[in-house]
Amino acid sequence: MKRLAADALAALRAEAAASPRLRKNLNLHETLDDPIQRLCNAFEPGTYLRPHRHSAPGTWELFIALTGRAAMLTFDDAGGVTARAELQAGGPVVAVEVPAGAWHSLVSLAPGTVLFEVKRGPYRPTGENDFASWAPQEGVPDAGAFVAWMTHADVGSRAPATA
């Protein structure tokens with residue numbers, strides 16, 4: 001039996017806070033080829049998860065808030081926000097499922113946020129065509145402003161122009 005204990009989550013949150021990218025994951029699946037990927041994602045306010053999609057059929061993702069607070073945003077093809085759900089451990093919304101093909105991103109709204117994620121495997125890195133062209137790449141100067149926009153973006157908002 002696998003267990004996920006509070007001390008493991010605390011250590012994961014500390015690693016994320018100390019990481020230059022402000023995030024860290026803990027895989028619960030045995031290998032990257034596992035047909036069902038199960039992991040904990042710890043991420044801090046300010047980390048940037050570039051909007052992307054999983055275009056292969058059946059590549060939905062399920063997120064459950066274990067600690068902290070985060071927002072899941074989905075977008076249309078031009079970067080307009082089509083849905084926003086705020087997940088909070090013990091809050092009114094604790095889980096969301098993103099369908100295959102949907103442009104989406106997460107933004108941390110509180111320190112110490114950890115989401116449990118379940119998705120179809122095997123793991124495949126996101127291809128360049130599955131990153132949103134209207135969103136900045138990770139590590140560029142515009143990324144911080146984009147994170148700030150996502151933190152408050154609501155349905156109908158349009159992604160800001162990037163350099």
Side-chain angles (χ1 to χ4, degrees), residues 1-75 81-128 130-132 135 137-139 143-144 146-148 150-154:
M1 173 188 316
K2 289 184 182 179
R3 296 174 189 241
L4 182 58
D7 60 346
L9 288 179
L12 183 64
R13 290 191 305 265
E15 287 184 61
S19 166
R21 295 173 75 199
L22 298 174
R23 63 181 188 257
K24 179 76 176 172
N25 69 301
L26 172 66
N27 292 347
L28 301 176
H29 48 277
E30 297 294 325
T31 70
L32 296 179
D33 288 330
D34 197 297
I36 303 294
Q37 306 284 293
R38 302 163 316 278
L39 55 146
C40 292
N41 287 315
F43 61 113
E44 294 292 306
T47 193
Y48 177 50
L49 301 167
R50 186 178 179 190
H52 62 284
R53 66 181 175 191
H54 305 284
S55 56
T59 52
W60 50 266
E61 292 179 291
L62 173 70
F63 296 90
I64 303 169
L66 299 179
T67 63
R69 199 167 128 245
M72 170 64 74
L73 292 95
T74 59
F75 306 91
V81 178
T82 58
R84 177 188 178 99
E86 291 195 9
L87 292 83
Q88 183 173 356
V93 178
V94 297
V96 294
E97 184 174 293
V98 179
W103 294 107
H104 64 283
S105 185
L106 284 161
V107 62
S108 176
L109 301 175
T113 296
V114 179
L115 302 182
F116 181 69
E117 179 180 350
V118 179
K119 60 186 174 182
R120 184 178 181 181
Y123 170 76
R124 297 290 179 255
T126 303
E128 192 54 40
D130 285 326
F131 282 111
Q137 294 181 357
E138 186 176 342
F146 201 88
V147 170
M150 286 196 302
T151 300
H152 302 287
D154 210 346

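Scope of the values below: all heavy atoms of this structure, side chains included, with no hydrogens, waters or symmetry mates.
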Considering all heavy atoms, the nearest [X]-[Y] contact:
X     : Y      : answer
Gly46 : Leu22  : C-CD1, 4.0 Å
Ala65 : Leu87  : CB-CB, 4.0 Å
Asp33 : Pro122 : CA-CB, 3.5 Å
Ala89 : Leu66  : CB-O, 3.2 Å
Met72 : Ser105 : SD-O, 3.4 Å
Thr67 : Gly112 : OG1-O, 2.6 Å

[atom1]-[atom2] distance between [X] and [Y], expressed to the nearest 0.5 angstrom:
X      : Y      : atom1 : atom2 : value
Arg21  : Tyr48  : CZ    : OH    : 12.0 Å
Leu62  : Ile36  : CG    : CD1   : 11.0 Å
Arg124 : Leu32  : CZ    : CG    : 9.0 Å
Asp130 : Thr59  : CG    : OG1   : 8.0 Å
Leu106 : Glu61  : CG    : CD    : 8.0 Å
Leu9   : Phe116 : CG    : CZ    : 10.5 Å

For this session: I would like to know whether Asn27 and Glu30 meet side-chain contact (heavy atoms from CB on, under 4.5 Å); could you show each step before the answer?
Result: CA-CA 8 Å; Asn27 292 347; Glu30 297 294 325; over 6 Å; no
For this session: Using a cut-off of 6.0 Å, state whether more than 12 heavy atoms not belonging to Lys119 lie near its atom NZ.
Result: yes
Exercise. Between Glu128 and Arg50, is a salt bridge (charged side-chain N to carboxylate O under 4.0 Å, His left out) present by the stated rule, with each step listed?
Worked result: CA-CA 11 Å; Glu128 192 54 40; Arg50 186 178 179 190; 3.6 Å; yes
So do the side chains of [X] and [Y] get within less than 4.5 Å of each other, counting heavy atoms only?
X      : Y      : value
Asp154 : Val81  : no
Arg38  : Lys2   : yes
Leu26  : Val114 : no
His29  : Leu39  : yes
Met150 : Phe75  : yes
Leu109 : Thr151 : yes

For this session: Under the side-chain contact (heavy atoms from CB on, under 4.5 Å) rule, what do Trp103 and Thr82 come out as? Steps first, then yes or no, please.
Result: CA-CA 9 Å; Trp103 294 107; Thr82 58; over 6 Å; no
For this session: On the 0 to 90° scale, with breaks at 30° and 60°, tag the Phe63-His104 ring pair as parallel, tilted or perpendicular.
Result: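 Correct class here is tilted.
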For this session: Kindly determine whether Val93 and Glu86 satisfy side-chain contact (heavy atoms from CB on, under 4.5 Å), including the steps that lead there.
Result: CA-CA 7 Å; Val93 178; Glu86 291 195 9; over 6 Å; no
For this session: Go through the steps to decide whether Trp60 and His54 satisfy the test side-chain contact (heavy atoms from CB on, under 4.5 Å), and finish with yes or no.
Result: CA-CA 8 Å; Trp60 50 266; His54 305 284; over 6 Å; no
